[in-house]
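Just so you know, these numbers use all the heavy atoms, side chains as well, and skip hydrogens, waters and symmetry mates.
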Amino acid sequence: MATDYDAPRKTDDELNEDSIEELKSRRVDKSSSSVDVDETEQAEGFELPGADLSGEELSVRVLPKQADEFTCGRCFLVHHRSQLAKESNGMMICTECAA
């Protein structure tokens with residue numbers, strides 16, 4: 001590695017600034033500015049597998065398949081006709097499954 005002899009050398013004060021303690025204190029200062037998130041509040045939104053959801057009501061309006069939509073024969077998702085890649089043996093295949 002080449003050495004630049006014309007570059008100014010660091011003084012003792014500058015060397016102390018880059019000490020490990022100084023760098024650690026900078027890291028602590030940066031992380032202290034982050035927002036504290038309560039883990040219990042986050043956990044309330046998660047449902048465990050096998051949880052009893054019989055008391056819950058569906059809050060989404062479900063529409064029947066429209067005239068310009070089709071059900072893919074491989075992934076069984078409803079897509080718009082513009083997503084139709086091919087039709088073979090009466091089975092419609094979407095562009096994602098055909099790829």
N/O donor-acceptor pairs under 3.5 Å from side chains in residues 84-99, not counting sequence neighbours:
| from | atom 1 | to | atom 2 | distance (Å) |
| --- | --- | --- | --- | --- |
| Thr95 | OG1 | Gln83 | OE1 | 3.1 |

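Residues that satisfy the side-chain contact (heavy atoms from CB on, under 4.5 Å) test with Glu69, not counting sequence neighbours, are Lys65, Gln66, Val78.
The heavy-atom pair separating Arg81 from Ala67 by the smallest distance is NE-O, 4.1 Å. Among all heavy-atom pairs drawn from Leu77 and His79, the shortest one is O-CD2, 3.4 Å.
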